[in-house]
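This report concerns only the one structure given below.
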Amino acid sequence: METSNPHAVIVSSPGVGHLVCDLELGHRLVSDHNLHVTFFVVVESNSSAGESELVQSARTRKLLDIIELPPVDISSQVEPNAPIFTRLTTVMREIRPTLSSAISDLKLSPTALIVDIFGTPALDVADEFHMLKYVFVTSAWPLALILYAPILDKEVEGEYVVQKQPLRLPGCMPVRPEDVVDPLLNRTKHEYSVFLQVGLEMRQSDGLLVNTWEDLDTPTLKAMREEEGYGSVPVYAVGPLVRPVGPPSSRSELLDWLDEQPVESVIYISFGSAGVLSAQQITELASGLELSQQRFIWVLRPPSKDKACNDVLAYLPDGFLGRTHDLGLVVTKWAPQSEILGHGSVGGFLSHCGWNSALESILNGVPMIAWPLYAEQKMNATKLAEELGVAVRPKIAPTKGIVGREEIEMMVRKVMAEQEGKAMRDRVMELKNSGEKAWNEGGSSFNALAQLVKQCELNSERQRVKAP
Ligand SMILES: *[C@@H]1O[C@H](CO)[C@@H](O)[C@H](O)[C@H]1NC(C)=O
Ligand SMILES: *[C@@H]1O[C@H](CO)[C@@H](O)[C@H](O)[C@H]1NC(C)=O
């Protein structure tokens with residue numbers, strides 16, 4: 001394949017969330033910056049249908065050379081139920097020989113290796129080929145925490161979760177002990193040392209790409225670039241990168257229903273593909289919605305204890321569907337989230353706060369109710385509510401207890417019907433505009449990728465000089 005464009009390799013670790021962003025990064029590098037990109041997908045034996053669908057649709061776009069790497073067996077090294085951080089970094093360490101031989105088989109020698117957050121153990125492979133090494137991460141605040149973790153490890157005595165004071169990170173909102181991410185919950189656990197190790201490996205890279213943009217995370221980005229404690233690695237803000245909206249053929253009756261609703265009148269409720277509530281929490285949410293008398297689309301999953309259940313609707317309060325017949329829809333299957341959030345009738349999003357969902361919501365100008373379900377999402381919720389002012393969140397963390405119907409009613413009304421909602425909507429519209437500006441030609445994220453490509457070009461030249 002004759003081309004003088006530099007060639008980058010992206011390696012995507014298992015999991016839908018990362019795959020979405022990694023693919024978008026690849027597409028952007030090819031379509032806006034003429035890079036040649038080979039995209040390796042690391043498949044797990046139990047990989048989900050969602051992953052293969054994403055890969056299929058990326059193949060039809062024909063921008064990337066997509067190559068699947070076969071699953072590696074890590075069963076002798078980690079327990080099947082080991083935490084995700086431990087499991088995936090192990091997969092990415094064990095993939096090294098496969099990756100290395102796949103790279104040497106490429107016709108055009110690559111000049112940069114880009115991995116995602118779990119891929120840092122695979123960065124060594126770049127050294128064999130004199131490639132640059134980059135890590136692509138979802139958001140700035142957790143990145144700051146990972147980079148700074150080796151310092152916290154020295155400074156803080158005792159468990160983080162029992163500190164009286166929040167953890168201070170230069171340039172960031174302090175991290176409340178109750179918000180710390182899972183791997184920091186217990187310092188005696190193996191997962192904690194894996195987390196520290198990832199921070200150290202990131203410091204050895206040639207740059208960190210973050211799925212944010214300059215205006216969204218100004219102080220954090222500045223601090224990561226200037227404060228020595230973060231390791232002085234170049235930081236490129238390259239977002240917002242989100243899942244592209246599907247082709248018009250994916251229109252569903254949900255969208256037809258939305259067409260008939262007034263502008264910004266519907267709240268969309270979804271806890272992501274893996275998010276489940278308890279049976280009691282489903283009851284409270286239903287009652288709160290009904291009390292609020294606001295329109296809704298609710299993607300309902302069976303409660304945590306009953307995953308195999310085939311009558312999810314039975315968990316709704318008696319008569320709920322009848323009484324809310326004119327107000328809303330309950331969906332028990334997959335829903336086209338990007339299209340729903342992009343619809344003019346949607347005016348609010350009750351979300352589990354995965355970063356992809358939060359970015360999608362922001363880019364569609366939709367304020368949120370932040371409802372984190374897992375520890376790693378609590379920082380997202382705090383940031384959206386307290387720093388960016390585009391979300392409300394329950395007083396009690398949904399990970400700790402049941403959020404009652406009155407509070408739910410109040411939050412829904414706040415977002416959908418009251419003055420506070422109006423202010424959040426204005427704020428989220430500002431962010432939407434600044435996010436769009438960032439990746440248009442000449443915007444900050446566009447320019448950051450251009451700089452990255454420049455580094456790749458320089459390295460191609462160095463590689464040519466070194467080659468026999
Ligand atoms: C951390 O885990 C150890 C055992 O692995 C346990 O004894 C200790 O209580 C845990 N600490 C916290 C804060 O959960
Ligand atoms: C937000 O959630 C994503 C998972 O979707 C996680 O990877 C990330 O670390 C979280 N960020 C914050 C700020 O908590």
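Here the structure is a predicted model, which means the values were calculated and not measured. Order of listing sets the numbers, starting from 1, for every ligand and every atom in it.
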Problem set entry | Beyond-backbone contact of Cys353 with Leu384, side-chain heavy atoms, under 4.5 angstrom | yes
For this session: Could you please provide the protein residues found below 4.0 Å of ligand 1 on a heavy-atom basis, arranged by chain and number?
Result: Glu159, Asn186, Thr188, Lys189
Exercise. Which one of Asn186, Thr86, Asp153 satisfies the side-chain hydrogen bond (donor to acceptor under 3.5 Å, both in side chains) criterion with Tyr192?
Worked result: Asp153
For this session: Could you check if a side-chain atom of Val175 sits within less than 4.5 angstrom of a side-chain atom of Pro166, using non-hydrogen atoms only?
Result: no
Problem set entry | Pair Glu386 + Arg176: basic N to acidic O under 4.0 Å | yes
Exercise. Do the ring centers of Phe85 and Phe118 come within less than 6.0 Å of each other?
Worked result: yes
Problem set entry | Between CE on residue Met411 and CG on residue Leu350, distance to nearest 0.5 Å | 6.5 Å
